[in-house]
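Here's the structure we're looking at; comments come further down.
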Amino acid sequence: MLIDGFWWMAATIAVAGIVRGFTGFGTALIFVPVAGRFLAPAEVIAVITLTGFASTAALLPRAWGKADRRDVAVLLAATVPAVPLGLWAQAQMPVEAVRWTVAAAAAVTLAALVSGWRYGGRLGRGGLIGVGGGAGLLGGMTGLTGPVVILAYLASRAAAVSVRANTILFLAGLDLVILVNIALAGLAEARLVIVAALLSVPYFAAALVGQALFDPARERLYRGAAYAVIAGAVITGLPLWDG
């Protein structure tokens, strides 16, 4: 196979696809910690970004009409200057430091959601810019595109359908911003493009399954299942288990 650990990553991306399909988030939180055991940080970012377009093709058409596109546009505008800064920061950091940053960001996100923390308000223009910039910075640095916006949207009291649609639309746009930056930086190597294409097959199929399973009446069940899977990915991806 092109890279070590391919089948582990294929299984992980399939599980992540199901979670992404019925919650709208979770792919990077599940995939990045595991992929970090087999790939360098820059390679993880390239693969997760390229693979993300499979879920976009599966989920974006339905989400487009239900999302608040004005809010998402503000979020995405803030990511444009933040993503290259995150990529630069990642290039300056030791590999272990990046992996611990991934674990810490995922764990904090998960803890906040499981605890039931709620913002309870609506983000204004300044808040949206801050969230978009933070998501772009963290996404460029680690490949975790979701945590900042997940905390902003899922921790709010917005309806599950709206949260899911906004998150799907924003993450699709952020993937595009990151893709442009990694292409300009020469990080999208041919072998990584092939790996991402292969991983896209189980990811696309699993995302459709997850979307078919989505039922707003079972929101608590979906979130509970997503949290458990994310926790497992974070624990198994810790650098403590290497060697």
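Not measured: the values here are computed from a predicted model. Along the sequence shown, residues carry numbers from 1.
When all heavy atoms of Ala233 and Pro33 are compared, the pair lying nearest together is O-CB, 3.5 Å. In terms of heavy atoms, Leu169 sits closest to Ala67 at CD2-CB, 3.7 Å. Closest approach of Gly173 to Leu76, counting heavy atoms only: C-CD2, 3.5 Å. Counting all heavy atoms, side chain and backbone alike, Val177 lies closest to Asn181 at O-ND2, 2.8 Å. Nearest heavy-atom pair across Pro147 and Leu29 is CG-CD2, 3.8 Å. The minimum heavy-atom distance between Val148 and Val131, with the atom names listed, is CG1-O, 3.4 Å.
The side-chain heavy atoms of Phe31 and Val15, taken from C-beta on, include no pair separated by under 4.5 Å. Phe6 is listed as a side-chain neighbour of Leu199, based on a closest heavy-atom distance under 4.5 Å. At least one side-chain heavy atom of Ile3 sits under 4.5 Å from a side-chain heavy atom of Met9. Looking at heavy atoms from C-beta onward, Ile45 lies in side-chain contact with Gln90 at the 4.5 angstrom threshold. The closest side-chain heavy-atom distance from Val83 to Leu174 is below 4.5 Å. Proximity of Glu43 to Arg191: side-chain heavy atoms (C-beta onward) are separated by under 4.5 Å at one or more points.
Hydrophobic clustering places Leu138 together with Ile182 (ILVMFWY residues linked when any side-chain heavy atoms are closer than 4.5 Å, directly or through intermediates). Hydrophobic cluster membership differs between Val95 and Val102, with clusters built from Ile, Leu, Val, Met, Phe, Trp and Tyr side chains linked at under 4.5 angstrom. Grouping the Ile, Leu, Val, Met, Phe, Trp and Tyr side chains by contacts below 4.5 angstrom, directly or via other members, places Leu208 apart from Ile18. Residues Trp8 and Val201 are members of separate hydrophobic clusters, defined by side-chain heavy-atom contacts under 4.5 angstrom among Ile, Leu, Val, Met, Phe, Trp and Tyr. Residues Val80 and Val72 do not share a hydrophobic cluster, clusters being chains of Ile/Leu/Val/Met/Phe/Trp/Tyr side chains in contact below 4.5 Å.
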Go through the steps for Leu110 and Val234 under the test side-chain contact (heavy atoms from CB on, under 4.5 Å), then give the verdict.
CA-CA 10 Å; Leu110 184 59; Val234 172; 5.5 Å; no

For side-chain contact (heavy atoms from CB on, under 4.5 Å), just list the numbers for Thr27 and Val19, CA-CA rounded to whole Å, side-chain angles, deciding distance to a tenth of an Å, and then say yes or no.
CA-CA 7 Å; Thr27 300; Val19 172; over 6 Å; no

Candidate pair Leu50 and Leu179, rule side-chain contact (heavy atoms from CB on, under 4.5 Å), full reasoning
CA-CA 7 Å; Leu50 290 165; Leu179 178 61; 3.4 Å; yes

Step by step, would you call Arg99 with Thr142 a side-chain contact (heavy atoms from CB on, under 4.5 Å)?
CA-CA 8 Å; Arg99 291 183 62 192; Thr142 66; over 6 Å; no

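Distance CD1/Ile30 to CD1/Ile230: 5.5 Å, rounded to 0.5 Å. Atoms CD1 and CG, from Ile48 and Leu39 in turn, are 11.0 Å apart once rounded to the nearest 0.5 Å. One distance of note links OG1 of Thr109 with OH of Tyr227; it measures 10.5 Å at 0.5 Å rounding. Leu128 contributes atom CG, which lies 11.5 Å from atom CZ of Arg70 (distance to the nearest 0.5 angstrom). Distance check: Arg20 CZ to Thr167 OG1 gives 8.5 Å after rounding to the nearest 0.5 Å. Here Tyr203 contributes atom OH and Ile13 contributes atom CD1; the two are 5.5 Å apart, rounded to the nearest 0.5 Å.
Under a 3.5 Å cut-off, the side chain of Arg69 and the backbone N or O of Trp64 do form a donor-acceptor pair. A donor-acceptor contact shorter than 3.5 Å links the side chain of Asn166 to the backbone of Asp68.
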